[in-house]
Amino acid sequence: MATTRSHGFEVGDTVVYPKHGVGRVIQIETSEIAGARLELYVLRFDKERMTLKVPVNKVETVGMRKLSSEATLMNAFQTLKGKPKIRRIMWSRRAQEYEAKINSGDLVSIAEVVRDLHRAEDQPEQSYSERQIYEAAISRLARELAAMKNIDEPAAQKEIEQVLKAA
């Protein structure tokens with residue numbers, strides 16, 4: 001069990017897995033896979049109704065981490081208040097960049113996507129794919145904020161939207 005402590009994850013911990021967002025360590029198990037004994041974190045993502053097993057020795061490679069610090073959250077909120085930076089490149093390329101930022105698991109990068117794709121009520125309507133990416137980004141941001149502040153996701157999303165409106 002010494003390896004589980006080195007990364008600091010224990011059963012019951014709330015963690016962020018970059019590609020899936022906020023989950024919870026529900027078990028630490030040892031399995032034999034292809035003749036090798038592997039220690040695995042079993043993560044549960046309630047929103048997606050998904051369970052994922054992550055080898056302890058791959059935690060850093062996949063970017064699994066604890067919830068962000070208060071300072072990182074403040075940086076993300078500052079990012080939300082900034083001026084949107086829309087690069088004049090083809091949408092497909094921009095969409096790939098946005099997806100990469102969301103899947104990075106980095107709170108500030110996710111906030112950049114939310115800021116760049118946010119539309120005020122007096123602005124033109126988003127395309128379907130823009131709205132999909134925006135929804136994915138704000139949901140990912142809201143889930144981590146909700147876990148950090150121990151509130152529900154809709155309340156966290158309202159808080160993010162208020163920051164955006166005030167900007």
Side-chain angles (χ1 to χ4, degrees), residues 7-9 13-25 41 43-55 58-167:
H7 289 291
F9 301 122
D13 284 354
T14 301
V15 297
V16 176
Y17 187 89
K19 285 199 177 6
H20 302 294
V22 178
R24 205 174 63 257
V25 179
Y41 287 118
L43 308 179
R44 179 76 189 150
F45 299 90
D46 289 329
K47 185 170 181 164
E48 291 86 3
R49 293 189 185 97
M50 178 177 79
T51 302
L52 183 70
K53 293 182 179 185
V54 181
K58 296 285 185 207
V59 163
E60 284 173 28
T61 312
V62 299
M64 190 171 116
R65 62 174 173 79
K66 289 185 177 289
L67 290 173
S68 294
S69 67
E70 192 66 34
T72 303
L73 179 64
M74 289 300 108
N75 285 344
F77 275 16
Q78 277 308 114
T79 300
L80 289 175
K81 293 174 187 173
K83 192 171 171 3
K85 291 177 179 65
I86 307 293
R87 296 182 44 215
R88 300 280 172 226
I89 56 175
M90 286 180 61
W91 167 247
S92 60
R93 183 83 188 103
R94 248 185 340 167
Q96 281 179 330
E97 289 176 6
Y98 290 147
E99 293 283 351
K101 283 182 176 186
I102 293 168
N103 289 332
S104 74
D106 176 58
L107 212 56
V108 175
S109 294
I110 296 167
E112 288 172 7
V113 176
V114 172
R115 175 200 66 203
D116 293 351
L117 292 178
H118 174 72
R119 293 282 183 276
E121 275 127 42
D122 60 349
Q123 289 181 304
E125 189 66 23
Q126 290 173 309
S127 73
Y128 177 76
S129 55
E130 272 183 316
R131 198 165 51 253
Q132 292 295 100
I133 293 173
Y134 174 76
E135 292 296 329
I138 199 166
S139 171
R140 188 71 60 88
L141 195 58
R143 266 190 273 169
E144 189 159 354
L145 176 63
M148 290 171 74
K149 291 193 165 192
N150 214 2
I151 56 178
D152 66 355
E153 194 180 328
Q157 191 155 340
K158 275 194 182 77
E159 196 173 316
I160 293 164
E161 287 165 356
Q162 285 169 342
V163 171
L164 289 165
K165 278 186 184 128

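Side-chain contact check for Asp46 versus Arg24: some heavy-atom pair is nearer than 4.5 Å. The side-chain heavy atoms of Leu145 and Leu141, taken from C-beta on, include no pair separated by under 4.5 Å. Residues Val16 and Met64 fail the side-chain proximity criterion, which asks for heavy atoms closer than 4.5 Å.
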**Report entry** Stepwise side chain to side chain donor-acceptor pair (under 3.5 Å) check, Thr51 with Arg44
**Finding:** CA-CA 5 Å; Thr51 302; Arg44 179 76 189 150; 3.0 Å; yes

Requested in this report: Tell me, with the steps shown, if Ile151 and Glu159 meet side-chain contact (heavy atoms from CB on, under 4.5 Å).
Outcome: CA-CA 11 Å; Ile151 56 178; Glu159 196 173 316; 4.1 Å; yes

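In plain terms, the two heavy atoms of Ala111 and Ala76 that are nearest each other are CB-O, 3.5 Å. Summarising the geometry of Ser109 relative to Ser104, their closest heavy-atom pair is CB-OG, 3.9 Å, with the distance given to 0.1 Å. Residues Val108 and Thr72 share a closest heavy-atom pair of CG2-O, 4.1 Å. Contact detail for Ser139 and Glu153: the closest heavy-atom pair is OG-OE2, 3.1 Å.
Under a 3.5 Å cut-off, the side chain of Glu130 and the backbone N or O of Ser127 do form a donor-acceptor pair. Judged purely by atom type and a 3.5 angstrom limit, Glu144 uses its side chain to pair as donor or acceptor with the backbone of Ser68. The backbone N or O of Lys19 sits less than 3.5 Å from a side-chain atom of Arg140, completing a donor-acceptor pair. Looking at Arg94, its side chain never comes within 3.5 Å of a backbone N or O of Arg88 through a donor-acceptor pair. Between the Asp116 side chain and the Lys85 main chain, a donor and an acceptor come within less than 3.5 Å of each other.
Comment: Arg119 does not engage Glu161 in a salt bridge, judged by the lack of any side-chain N to carboxylate O separation of less than 4.0 angstrom. Contact check on Lys101 versus Glu112 returns a salt bridge, with a Lys/Arg side-chain nitrogen under 4.0 Å from an Asp/Glu carboxylate oxygen. Using a 4.0 Å cut-off between charged nitrogen and carboxylate oxygen, Asp13 and Lys66 count as a salt-bridge pair.
Within a 6.0 Å sphere centred on NZ of Lys53, other residues, nucleotides and ligands contribute 12 heavy atoms or fewer.
Ring-plane geometry between Trp91 and Tyr98 is classed as tilted, the angle between the planes lying from 30 to 60 degrees on a 0 to 90 degree scale. In this pair, Tyr17 and Phe45 present their aromatic rings perpendicular. The plane angle is above 60°, beyond the 30 to 60° band.
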